[in-house]
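Below is one structure, written out as structure tokens; the observations come after it.
Proteins come first, then strands; the chains are lettered A, B, ... in the order of their sequence lines, and each starts at number 1. Being a predicted model, the structure only gives us computed values, none of them experimental.
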Amino acid sequence: MADRSFDKRRIPGAGLIAALAFAVLYIPLVILVTYSFNAGSRIGKWEGFSLHWYGVAFRNEDIQSATLLSVKVAVIAALVATVCATLVALATTRGQGFKAGRFVQLAVNQPLMVPEIVTAMALLILFAVIKDATGYSGTGYLIAAHSAFCIPFAFMPVRARLQDMDTNLEAAAADLYANAWVTFRRVTLPLLWPAVLAGFMLAFVISLDDVLISEFIKTAGQETLPTYLLGQLRRGITADVYAVSTILLAVSTAIVTLIFVINRKKKPGL
Amino acid sequence: MIELRNIRKTYGSGASAFTALHEVDFEISENEFFTLLGPSGCGKTTLLRVIAGFETPTAGAVLLGGEEISLLPPNKRPVNTVFQNYALFPHMTVAGNVAFGLESLGKPKDEVRARVEEMLELVQMLHLRDRPIAALSGGQQQRVALARALAPNPRILLLDEPLSALDLKLRKEMQVELKRLQHETGITFIFVTHDQEEAMAMSDRIAVMKGGRVHQIASPKALYDRPADDFVASFVGESNFFPARIMSNSDQGAVLSIPGLGEVTLKGETHDTGDVTALVRPEHIRTGDSATSGLILEGRLENAMFLGIATLATVRMAHGQEISLRIRNTHDAPPPTEVGSTITMSIPPKAIRLVRAVSA
């Protein structure tokens, strides 16, 4: 009886509120996905199922190059962010006598706390100075910016895993004559691997999705997928944009699901 | 073989400083089964970690075979540990765990394989060599942890309450098993426990610790018979303590007066006159027909607990003090059971020990 009185389902109206929340969350997505398969081009007028707009999107060279740039930036940025995040996580959770550990953890999470528009402005100024001094105007700026704001996302799962991990395992390795490097390679890293992978994928999705910072610091002619889509909106929507959005949605969902599966499967035995 | 020289360990500094070990100083010899015994927070695990190299002593030195090792990291010490929660590598098989130390030492593959087999045979786990760790029971994990720590043939094996997670029956089995392993390998074992029975059953010598200090180091028998102070006496076995006084010393021995109980001569002993604490073990007090010599006392039975081979009784004296008795149950002398009845007891002078009073 006691636990029944805490049953959330018995709170009046809870079900209705939940249903409303789900509706608000998912109805727009359902509409978007549905109309990406529309044979016609007008929203609100269903003219039959077709993959026509996917074909249009795939043949569009602007979309092709934007996708290529987005993926390139996301892969490199996620890689850089994951390596940095893992090193910081190791230093703050394992570094003996690392007094500034808590401060560093907060500092690493800075991109989560500073408004993104401020970060974008700051980067814009910094990169303008560098550009003036060096004349360089390649994709390096995008990659550097994405690497920076992806670090906290890669950091979160790695740090959580390191904090959960029994430090006696590393002590046992040291006790069994393993030096610091062998301990890391044979004990810490194999146990940390799923979290590192999750961190990488999370960073990848975040980078792929970013529009604000990219829009500020991209140089003329550079378009990532999100900035391309934004540009299209200004010109009036064609339905190939829905198709691209649907594919982005599918990729993100797949990666997030994968992160979930990887981290759940490896839980026992910790 | 291993010498601990005035080890002190202090954590923190200033007002928040906490000293976990105070001037710990003793030696452990080759092939000894040595136990660090004490309640939680007594510093026994800290001392073990100092020997393993996980902690650096604030002052003092650790010497192994005459050489100072205080500042060597754990991976440079010929000392292996069985951790309290075993700390087996979950991503490796049984054999992979046991091979780890040998591989770190860079032993050739053939030698590693042979040694792993030998060790798993020793702990009767050879048939489970390819199992993942998660598939093992607690007792099996315990055996793997032992094999893993013994495989590199350390000079000292450290065991940090390794039996505390096992149920009673398995614990008893592992006690016998550990004694056998120590005998067969000839390695010095340093065992940490808070369980005095476990310590008594297995050890050659026991160091009783409290508050970061070693109170006494002795064989189990000597510890029980001649405890140095009231803390050791009450931690190892059951005790009755009596505030008492040495009145004088004569040719016969020291005259001890216990208020409420009477006077008795401790034959052949000499002590400084003054206040002392007298210790009498509950099983050394005689009752009934055999209560004929020494201090003869009468009291009222407060309660009696039948335990099979013995009856545990509490008797209240006229002056209010309670005395615990452990009366052996024999076929011809039924133990007293009636609460409120009068019990005649005697304390033989030889059963009386004088101990230092350190517990408040």
Checking B/Thr188 side chain against B/Asn31 main chain: does a donor-acceptor pair fall under 3.5 Å? yes

Are A/Phe153 and A/Phe200 close enough that their ring centres sit under 6.0 Å apart? no

Could you check whether B/Phe33 and B/Phe191 have their ring centres less than 6.0 Å apart? yes

Do you know which of A/Val187, A/Asn179, A/Asp175 has the most heavy-atom pairs with chain B at a distance under 4.5 angstrom? A/Asp175

Residues of residues 103-112 of chain B with any heavy atom under 4.5 Å of a heavy atom in chain A: B/Glu103, B/Ser104, B/Leu105

Please classify the contact between [X] and chain A as side chain, backbone, both or neither, with a heavy-atom cut-off of under 4.5 Å.
X	answer
B/Arg148	both
B/Phe89	both
B/Val79	backbone

Under 4.5 Å from a heavy atom of chain B, the part of A/Ala180 involved: neither

Worked verdict on A/Glu170 versus A/Thr188 for side chain to side chain donor-acceptor pair (under 3.5 Å): CA-CA 7 Å; A/Glu170 284 144 337; A/Thr188 316; 2.8 Å; yes

How would you list, by chain and number, every residue that makes a side-chain contact (heavy atoms from CB on, under 4.5 Å) with A/Ile247, sequence neighbours excluded? A/Tyr54, A/Phe58, A/Val251

Applying side-chain contact (heavy atoms from CB on, under 4.5 Å), can you list everything that pairs with A/Thr253, at least two apart in sequence or on another chain? A/Leu249, A/Thr257

Pair up each side-chain donor or acceptor in residues 66-75 of chain B with any protein partner under 3.5 Å, not counting sequence neighbours, and list the distances.
from	atom 1	to	atom 2	distance (Å)
B/Glu68	OE2	B/Ser70	OG	2.7
B/Ser70	OG	B/Val62	N	2.8

Quick one: of B/Gly101, B/Pro152, B/Ala145, who has the most non-hydrogen atom pairs under 4.5 Å with chain A? B/Gly101

Does atom CZ of B/Arg131 have more than 12 heavy-atom neighbours from other groups under 6.0 Å away? no

Might you work through the salt bridge (charged side-chain N to carboxylate O under 4.0 Å, His left out) test for B/Arg5 and B/Glu27, ending with a clear yes or no? CA-CA 8 Å; B/Arg5 290 290 162 244; B/Glu27 287 169 25; 2.4 Å; yes

